[in-house]
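Ligands are counted one by one from 1 in listed order, and the atoms in each one are counted from 1 as well.
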Amino acid sequence: MEISAIVEERSKYLNLLDLVGEEIELKGVVFKVRGLSGFAFILVNAYGTIIQTVYTGEIGETGVKEGCSVVIKGKVSEAKLKDAFVEPKSCEVQINEINVVSSPKELLPFDITKKKLDIGNDLKFDLRYLSMRHPKEKAIFRIQSSLVQGIRSFLIENKFVEIRSPKIVAEGAEGGANIFSMDYFGQKAYLTQSPQFYKEFCVGVFDRVFEIAPVFRAEKHNTNRHINEYTSIDFEFGQIDSFYDILNMEAAMLKHAFEHLKKDVPYELDLLQVEVPDIKTIPALKFWEVKEIIKKEYKIDPKDSFDLAPIEEIKISDYVKKKYDSEFVFITHYPTAKRPFYAMDDAEDPELTVSFDLIFRGVEITTGGQRIHDFDQLVAKMSGRGMNPADFEFFTNAHKYGLPPHGGLGLGLERLTQRLLNVDNIKSATMFPRDMTRLTP
Ligand code: AMO
């Protein structure tokens, strides 16, 4: 078999519209059978989309049922289809021959052909590999995949090198208690919270780097925005003139990714009625300014004065939407007290850092900022925080031997998906979520 044959075979059906009048072979899984007297509509899930086929005869005699893998030979004809899940809607396949190549032992325990999957979240996650067969559930992850593709292509076009950092590490980068520890051949080890150290190392090598990979957080609370394993989209780059370069890079990356989405997955965006934001510029407000706005405009005065509470993120989004017609807002200059040791302090006010969060539709989706690149400054900041720089020698060595001014960010893929698709819980935007009680599937 020629290497190109498999590629040709699979790409043929994708252009069904171009094949009207032609005989084709279609391989797929039966999604739904609607038998009528003397004929039947068989919706077939063929490599990703659901195609309508028409069988003339008594379907009951063929052994075809939902979940069967079938090979169909038939002719493509024009049609006007209404079924929300069918794509394309302007043609169908008239079956000449249908053969069952595999048949399920049992039918699915719930109906995946209904307009909306009406099962509870527990069952949805317990049987995720089945519930995802529902077109609307599947669309979430098709969109997520396209988002990653758009982000990755932007970064590669802009000379970022994709790296792979270890997930078993000796020290956490982010501090705090939300770190999983483990026994590593008698030594204490952790599951990584972030590729922070490694991306900074790699700036010293490639200048621009990124990683899209899982990270782990031992969050003990069950919220609609936290999971214990998530996909972190990290980038880091050197030779920055100011930390605003990082904000601009993120805005350009999201703009590119959203444009890619609109071209790549229009069917899924339509199915889930997703409103993809049109990014022009993203306003940037300073942390203390935001606190003032919330107090003045919304009469809210939350207790934590060094961080933003979820309600404040919601309110500032509301404010920015009304004032600047933007669904995104950068919040800059977070207090030093709430930022990790590697964050660079603001030269004008050491109580603040040149760091930021990006809020999208009321939820923080990104943290980023400029990092300390100078060895002495880094060691002094660590010591000032009661950390022992010797424990982090493997990290500070990179600074000792020289790093350029640099910065970057971490963007939570599931939070981005959650806000983009407007789903209520981050777990619904996570293929196989891990929370305090869920380890399977
Ligand atoms: P931070 O800890 O703020 O920053 O995380 C960055 C982004 O990751 C997402 N996120 C989460 N998503 C789901 N569940 C969680 N438990 C969770 N925790 C965080 C959020 C958040 O904005 N090293 C820095 C990034 C950097 O400065 O480059 C870091 O990890 O979307």
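With a heavy-atom cut-off of 4.0 Å, Tyr342 touches ligand 1 through its side chain alone. Of all the heavy atoms of His226, the ones lying under 4.0 Å from any atom of ligand 1 are found in both the backbone and the side chain.
Listed by number with element, the atoms of ligand 1 under 4.0 angstrom from any heavy atom of Glu219 are 16 (N). For ligand 1, the atoms closer than 4.0 angstrom to any heavy atom of Thr366 are 22 (O). With ligand atoms numbered from 1 in the order given, ligand 1 contributes 13 (C) to contacts under 4.0 Å with heavy atoms of Ile426. Taking every heavy atom of Ser194 and a limit of under 4.0 angstrom, the matching atoms of ligand 1 come to 23 (N), 30 (O). Residue-ligand proximity, Leu409 to ligand 1, at heavy-atom distances under 4.0 Å covers atoms 26 (C), 28 (O). Within ligand 1, the atoms closer than 4.0 Å to a non-hydrogen atom of Arg225 are 13 (C), 14 (N), numbered from 1 in the order shown. Atom numbering of ligand 1 starts at 1 in the shown order; those under 4.0 Å from a heavy atom of Lys199 are 26 (C), 28 (O).
The distance criterion of under 3.5 Å between nitrogen or oxygen atoms is not met by Gly369 with respect to ligand 1. Among the atoms of Arg371, some N or O lies under 3.5 angstrom from an N or O of ligand 1. Considering both main-chain and side-chain atoms, Glu236 never comes within under 3.5 Å of ligand 1 through any nitrogen or oxygen pair. Considering backbone and side-chain atoms alike, Leu411 places every N or O at 3.5 Å or more from each N or O of ligand 1. The N/O atoms of Thr367, backbone and side chain alike, include one that comes under 3.5 Å of an N/O atom in ligand 1.
Salt bridge Glu414/Arg434: absent, no basic N to carboxylate O contact under 4.0 Å. The residues Lys255 and Glu259 are annotated as salt-bridged, a charged nitrogen and a carboxylate oxygen being separated by less than 4.0 angstrom. Asp126 has a carboxylate O that lies under 4.0 Å from a charged side-chain N of Arg438, or vice versa, which qualifies the two as a salt bridge.
The closest donor-acceptor contact from the side chain of His134 to the backbone of Lys136 lies under 3.5 Å. Distance alone, capped at 3.5 Å, is enough to place a donor-acceptor pair between the Thr336 side chain and the Pro350 backbone. Looking only at distances, no side-chain donor or acceptor of Thr53 sits under 3.5 Å from a matching main-chain atom of Val93. Between the side chain of Lys199 and the backbone N or O of Val209, no donor-acceptor pair lies under 3.5 Å. Here the side chain of Lys159 pairs no donor or acceptor atom with the backbone of Ile156 at under 3.5 angstrom.
The protein atom (non-hydrogen) at minimum distance from atom 31 (O) of ligand 1 is Ile365 O, 2.7 Å. Closest protein heavy atom to atom 7 (C) of ligand 1: Gly410 O, 3.6 Å. Protein heavy atom nearest atom 14 (N) of ligand 1, with residue, atom name and distance: Ile227 N, 3.1 Å. Ranking protein heavy atoms by distance to atom 22 (O) of ligand 1, first place goes to Glu364 OE2, 2.4 Å. Closest to atom 20 (C) of ligand 1, if we only count protein heavy atoms, is Arg415 NH1, 3.6 Å.
Atoms CG and CG, on Asp278 and Asp325 in that order, are 9.5 Å from each other to the nearest 0.5 Å.
With atom 2 (O) of ligand 1 as the reference point, the heavy atom nearest to it among Arg217, Gln193, Glu174, Glu229 is part of Arg217. Among Phe235, Phe356, Tyr230, Phe360, the residue whose heavy atom sits closest to atom 17 (C) of ligand 1 is Tyr230.
Gln418 and Ser428 form no side-chain donor-acceptor contact under 3.5 Å, judged by distance and modelled atom types alone.
Close to ligand 1: Gly368, with a non-hydrogen atom less than 4.0 angstrom away. Look at Glu414 and you'll find every heavy atom at least 4.0 Å from all atoms of ligand 1.
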Practice problem: Under the ring-ring contact (aromatic ring centres under 6.0 Å, His included) rule, what do Phe216 and Phe180 come out as? Steps first, then yes or no, please. | Solution: CA-CA 7 Å; Phe216 307 88; Phe180 288 110; 7.1 Å; no
Practice problem: Verify side chain to side chain contact (heavy atoms under 4.5 Å, CB included) between Arg361 and Ser317, making sure each step is shown before the conclusion. | Solution: CA-CA 6 Å; Arg361 295 182 177 157; Ser317 275; 5.7 Å; no
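Ring-plane geometry between His333 and Tyr244 is classed as tilted, the angle between the planes lying from 30 to 60 degrees on a 0 to 90 degree scale. Aromatic ring orientation, Phe201 versus Phe395: tilted (interplanar angle from 30° to 60°).
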